[in-house]
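Right, one structure below, let's go through it.
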Amino acid sequence: MTGEWVLLSYRLPREPSGPRTTLWRRLRRLGVAQLADGLVALPADARTRESLEWLADDVLAAGGTAGLWVARPAGAAQERELATGMAAARAAEYRALAEECVTAAAAEPAERSRALRRLRSEFRAIGRRDFFPPPERENADRALRALGEAAVTAQVTR
């Protein structure tokens with residue numbers, strides 16, 4: 001049995017380009033699955049539906065057209081394909097975060113602390129759009145904890 005998804009169908013004028021860029025950034029921040037040009041999807045829940053409703057309102061305010069739909073994929077294979085694509089995108093983000101943690105652990109103590117705050121915030125942001133957690137999430141969490149321990153150790157030894 002497949003789950004429900006909320007879909008946003010939208011069209012924005014080419015000019016001015018500002019609303020298109022803003023929409024693209026917000027969609028990226030939400031972690032949507034891009035189904036086609038002007039059609040994105042998220043697993044349906046109250047938060048994702050509200051987020052896409054806000055974006056639809058923004059599209060309309062910018063002179064575009066937008067529609068919100070709740071749908072089910074025709075089969076489990078389609079849903080798996082969506083979930084796999086979304087998990088792969090999050091996996092890449094978690095891998096990059098883990099690499100940044102390793103790099104930051106070798107930095108000077110002040111820079112290490114700044115990087116720790118930034119990377120913790122980034123980890124939380126990725127988590128908000130992580131609907132199908134990949135194994136890389138645990139690796140990133142371990143790398144972040146190791147960075148935190150390195151930052152604490154550096155403060156204690158000063």
Side-chain angles (χ1 to χ4, degrees), residues 1-8 10 17-59 68 70-73 76-158:
M1 175 101 162
T2 57
E4 286 192 335
W5 290 70
V6 60
L7 284 68
L8 171 64
Y10 65 91
S17 62
R20 294 174 67 81
T21 302
T22 300
L23 178 65
W24 178 81
R25 286 184 181 137
R26 289 180 178 159
L27 290 171
R28 187 167 177 259
R29 197 174 314 128
L30 289 174
V32 299
Q34 186 83 42
L35 302 179
D37 191 31
L39 182 63
V40 297
L42 285 172
D45 65 22
R47 180 179 64 94
T48 57
R49 184 179 180 137
E50 181 180 18
S51 295
L52 291 181
E53 284 173 353
W54 280 102
L55 291 181
D57 288 345
D58 290 347
V59 168
L68 212 56
V70 176
R72 290 184 185 276
Q78 283 180 305
E79 187 166 44
R80 257 193 318 278
E81 184 180 331
L82 284 174
T84 299
M86 292 173 79
R90 298 304 77 79
E93 291 176 325
Y94 284 128
R95 277 193 301 274
L97 187 133
E99 290 171 12
E100 286 188 62
C101 287
V102 171
T103 300
E108 294 296 319
E111 177 57 33
R112 189 178 309 146
S113 293
R114 280 192 296 277
L116 177 61
R117 283 190 301 277
R118 179 180 59 78
L119 292 170
R120 280 181 176 157
S121 175
E122 188 173 327
F123 184 79
R124 285 189 301 273
I126 295 169
R128 284 191 295 275
R129 61 182 169 264
D130 186 4
F131 298 96
F132 308 99
E136 289 82 354
R137 183 188 199 297
E138 287 303 314
N139 297 337
D141 188 43
R142 278 193 295 277
L144 198 52
R145 279 187 271 129
L147 177 58
E149 290 168 10
V152 168
T153 302
Q155 288 183 350
V156 170
T157 58
R158 281 204 274 171

For the atom pair CG (L8) and CG (L30), what is the distance rounded to the nearest 0.5 Å? 10.0 Å

Within a reach of under 6.0 Å around CD of E4, are more than 12 heavy atoms found that belong to other residues, nucleotides or ligands? yes

Between R49 and E53, does at least one N-O distance fall below 4.0 Å, as a salt bridge requires? yes

Using a 4.5 Å cut-off on heavy atoms from C-beta on, say whether the side chain of L144 contacts that of L116. yes

Measure the spacing between CG of L42 and CE of M86 and express it to the nearest 0.5 Å. 5.0 Å

Would you compute the distance between atom CG of N139 and atom OH of Y94 and round it to the nearest 0.5 angstrom? 11.5 Å

Side-chain heavy atoms of T22 within contact of D58, under 4.5 Å: no

Which value, rounded to the nearest 0.5 Å, describes the distance between T48 atom OG1 and R128 atom CZ? 14.5 Å

To the nearest 0.5 Å, what is the distance between CD on E136 and CZ on R90? 12.0 Å

Among L52, V32, L35, V40, find the one that has a side chain to side chain contact (heavy atoms under 4.5 Å, CB included) with L7. L35

Backbone of R47 reached by a side-chain donor or acceptor of S51 within 3.5 Å: yes

Is it true that atom CZ of R145 has more than 12 heavy atoms of other residues, nucleotides or ligands lying nearer than 6.0 Å? yes

Which pair of non-hydrogen atoms, one from A140 and one from A98, has the smallest distance, and what is that distance? CA-CB, 4.1 Å

For A107 against E111, the heavy-atom pair lying closest together: CB-CG, 3.9 Å

Does anything in residues 30-54 form a ring-ring contact (aromatic ring centres under 6.0 Å, His included)? List the pairs, not counting sequence neighbours. none

Would you call D141 and R137 a salt bridge, using N to O less than 4.0 angstrom? no

In terms of relative ring orientation, are F132 and W5 parallel, tilted or perpendicular, with 30° and 60° separating the classes? parallel

Closest non-hydrogen contact found for P73 with G3 is CD-O, 3.5 Å

Between R112 (side chain) and A150 (backbone), is there a donor-acceptor pair under 3.5 Å? yes

Spatial distance of atom CZ (R120) from atom CZ (R118) [nearest 0.5 Å]: 13.0 Å

